[in-house]
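Proteins get letters first, then strands, A, B, ... in listed order; numbering begins at 1 in each.
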Protein chains: 2
Amino acid sequence: MRLSKLTDYATVILSVIAKNNSCVHSAVGMAEVTGIAQPTVSKVLKLLVKAKVLISVRGAKGGYRLARSPEKISVAAVINALEGPIALTECSASHHACEQARGCEIQGNWDLINKTVHNALESVTLADLILPVRPPREINIPVASLYR
Amino acid sequence: MRLSKLTDYATVILSVIAKNNSCVHSAVGMAEVTGIAQPTVSKVLKLLVKAKVLISVRGAKGGYRLARSPEKISVAAVINALEGPIALTECSASHHACEQARGCEIQGNWDLINKTVHNALESVTLADLILPVRPPREINIPVASLYR
DNA sequence: TATAACTAGGACCATTTTAGTACTATTTAA
DNA sequence: TTAAATAGTACTAAAATGGTCCTAGTTATA
Ligand code: FES
Ligand code: FES
């Protein structure tokens with residue numbers, strides 16, 4: 001139940017970029033600002049480009065910039081870029097491919113849980129992350145009620 | 001963003017127990033029913049006892065039974081038993097211990113995301129898992145709204 | 001046109017984590 | 001007394017992760 005370090009890095013890096021998206025940011029520059037080793041920063045940036053979260057500009061004076069506004073980049077998208085699709089269990093990841101246990105009928109329920117977690121992460125954007133922390137105003141209506 | 005296999009096993013095993021909690025269940029018995037290797041089943045069961053999700057009865061005719069009713073055993077508790085506290089990021093896990101990146105001020109926001117995911121998992125119980133799947137009736141109000 | 005400053009895309013290895021197994025000790029019903 | 005159970009721990013093999021490095025391609029600009 002942990003995000004990988006790379007995903008953590010990604011959010012930090014993206015936050016920096018989001019705060020000033022008017023110009024492009026180079027990998028070395030980002031490494032200096034964040035304190036993360038440059039090769040690692042590059043790795044993360046490349047993955048984010050591949051997932052179309054960032055756009056790259058090659059050549060001298062090149063660098064990276066957001067592919068869309070921070071409001072449209074969800075945490076779920078970032079996780080997806082670094083770790084692949086959000087799927088808590090094997091069953092949810094590849095339908096019908098799970099033969100872990102006989103007599104298991106909870107697959108469908110896992111799907112629901114998955115969707116809930118996914119929704120939660122989908123609804124938080126980069127724009128939210130760079131804001132100062134505020135206490136919640138609305139309370140989350142939990143999934144349990146879905147079942148009762 | 002995956003649960004470990006052991007956690008997956010745990011939910012399957014717990015589901016079986018939950019469906020008939022009047023008698024105790026032995027590790028070998030559970031292994032036969034679920035098709036999971038017996039030593040692995042034992043490992044999972046021991047962890048669940050340690051986390052007070054299950055109660056064990058030692059000696060001949062011993063076995064395991066739920067520590068409380070299925071409605072009171074959340075998925076979050078199960079994950080916690082197998083994988084430790086739910087903390088998506090290093091920052092959330094150990095406060096002030098994260099020195100991954102300089103100039104990072106999103107820690108507090110991660111905390112909120114964490115809580116949201118935790119809430120979602122806390123609100124799904126073992127009782128829900130063993131029910132036939134139903135489409136959601138109420139919609140989750142996502143965290144994003146917390147920030148806007 | 002040459003150069004320097006960039007990114008693209010792999011390949012690679014060390015480390016850590018995970019999964020699974022095994023062993024010994026303890027408990028208890030029959 | 002014995003057999004059927006769990007408790008606890010240690011161990012190994014396999015997989016995932018983190019991190020680095022190398023080569024190739026692109027482009028502004030001196
Ligand atoms: S855990 Fe895979 S089918 Fe239920
Ligand atoms: S990621 Fe650790 S302090 Fe921000």
Side-chain angles (χ1 to χ4, degrees), chain A residues 1-10 12-13 17 23-32 34-67 79 81-84 87-90 93 100-101, chain B residues 1-10 12-13 17 23-32 34-67 79 81-84 87-90 93 98-101:
Chain A
M1 210 55 205
R2 283 278 178 91
L3 299 178
S4 73
K5 271 192 179 183
L6 292 187
T7 307
D8 207 344
Y9 293 157
V12 175
I13 293 169
I17 298 180
C23 60
V24 297
H25 299 257
S26 73
V28 270
M30 296 301 306
E32 280 166 10
T34 61
I36 305 168
Q38 187 268 315
T40 303
V41 172
S42 283
K43 187 176 193 173
V44 171
L45 290 169
K46 285 171 196 169
L47 286 169
L48 289 169
V49 169
K50 202 165 159 191
K52 306 199 172 162
V53 170
L54 290 179
I55 286 177
S56 65
V57 179
R58 299 180 67 161
K61 303 250 174 179
Y64 299 87
R65 115 175 75 85
L66 299 184
I79 295 175
L82 278 286
E83 311 181 13
L88 294 186
T89 63
E90 204 67 35
Q100 310 220 354
Chain B
M1 211 55 204
R2 282 278 179 91
L3 299 177
S4 73
K5 271 192 179 183
L6 292 186
T7 308
D8 207 343
Y9 293 156
V12 176
I13 293 169
I17 298 181
C23 60
V24 296
H25 298 258
S26 74
V28 270
M30 297 301 305
E32 280 167 9
T34 60
I36 305 168
Q38 188 267 313
T40 304
V41 172
S42 284
K43 187 178 192 173
V44 171
L45 289 168
K46 285 172 196 169
L47 286 169
L48 289 169
V49 168
K50 204 165 158 192
K52 304 198 175 164
V53 170
L54 289 178
I55 285 177
S56 65
V57 179
R58 299 180 67 161
K61 302 254 173 174
Y64 300 88
R65 110 175 81 84
L66 300 184
I79 295 175
L82 277 286
E83 310 181 15
L88 295 186
T89 64
E90 203 67 33
C98 173
E99 265 307 323
Q100 310 220 354

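- Taking atom NZ of residue A:Lys50 and atom P of nucleotide C:dG9, one finds them 8 Å apart after rounding to whole Å.
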Self-check item: Worked check of side-chain contact (heavy atoms from CB on, under 4.5 Å) between B:Met30 and B:Ile17
Solution: CA-CA 9 Å; B:Met30 297 301 305; B:Ile17 298 181; 4.0 Å; yes
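- Sorted by first and then second residue, the side chain to side chain donor-acceptor pair (under 3.5 Å) pairs with a member in residues 36-51 of chain B read B:Gln38-B:Ser42; sequence neighbours excluded.
- Look at CG on A:Leu48: it is 11 Å from P on C:dA8, rounded to the nearest Å.
- Axis angle across the helix from C:dT1-D:dA30 to C:dA30-D:dT1, with five pairs used at each end and values rounded to 10°: 10°.
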Using nucleotides 3-7 of chain D, report all nitrogen or oxygen pairs with the protein that are shorter than 3.5 Å.
residue: D:dA4; atom: N3; partner: B:Ala60; partner atom: N; Å: 3.4
residue: D:dT6; atom: OP1; partner: B:Ala27; partner atom: N; Å: 2.9
residue: D:dT6; atom: O3'; partner: B:Ser56; partner atom: OG; Å: 3.4
residue: D:dA7; atom: OP1; partner: B:Ser56; partner atom: OG; Å: 2.4
residue: D:dA7; atom: OP2; partner: B:Tyr64; partner atom: OH; Å: 2.9

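- Evaluation of the side-chain hydrogen bond (donor to acceptor under 3.5 Å, both in side chains) rule for A:Ser26 yields no partner, not counting sequence neighbours.
- Across every non-hydrogen atom of B:Val41 and B:Ile13, the tightest pair is CG1-CD1, 4.1 Å.
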Protein-nucleotides 16-19 of chain C N/O pairs closer than 3.5 Å?
residue: C:dA19; atom: OP1; partner: B:Lys5; partner atom: N; Å: 2.5

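- The side chain to side chain contact (heavy atoms under 4.5 Å, CB included) search around A:Ala51 returns A:Val53, A:Ala81, not counting sequence neighbours.
- Shown here are the side-chain hydrogen bond (donor to acceptor under 3.5 Å, both in side chains) partners of A:Ser56, two or more places apart in sequence or in another chain: there are none.
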Please tabulate, for side-chain N and O atoms in residues 58-66 of chain A, each donor-acceptor pair with protein atoms closer than 3.5 Å (sequence neighbours left out).
none

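- Straight-line distance from the CZ atom of A:Arg2 to the P atom of D:dG18: 12 Å, rounded to whole Å.
- Legend: residues meeting side chain to side chain contact (heavy atoms under 4.5 Å, CB included) with B:Ala67, ordered by chain and number and at least two apart, are B:Ile55.
- Rounded to whole Å, atom P of C:dG20 lies 11 Å from atom CD1 of B:Ile13.
- Put simply, the side chain of A:Glu83 never gets that close to the backbone of A:Leu3: no donor and acceptor are under 3.5 Å apart.
- One distance of note links CG of B:Leu82 with OH of B:Tyr9; it measures 11.5 Å at 0.5 Å rounding.
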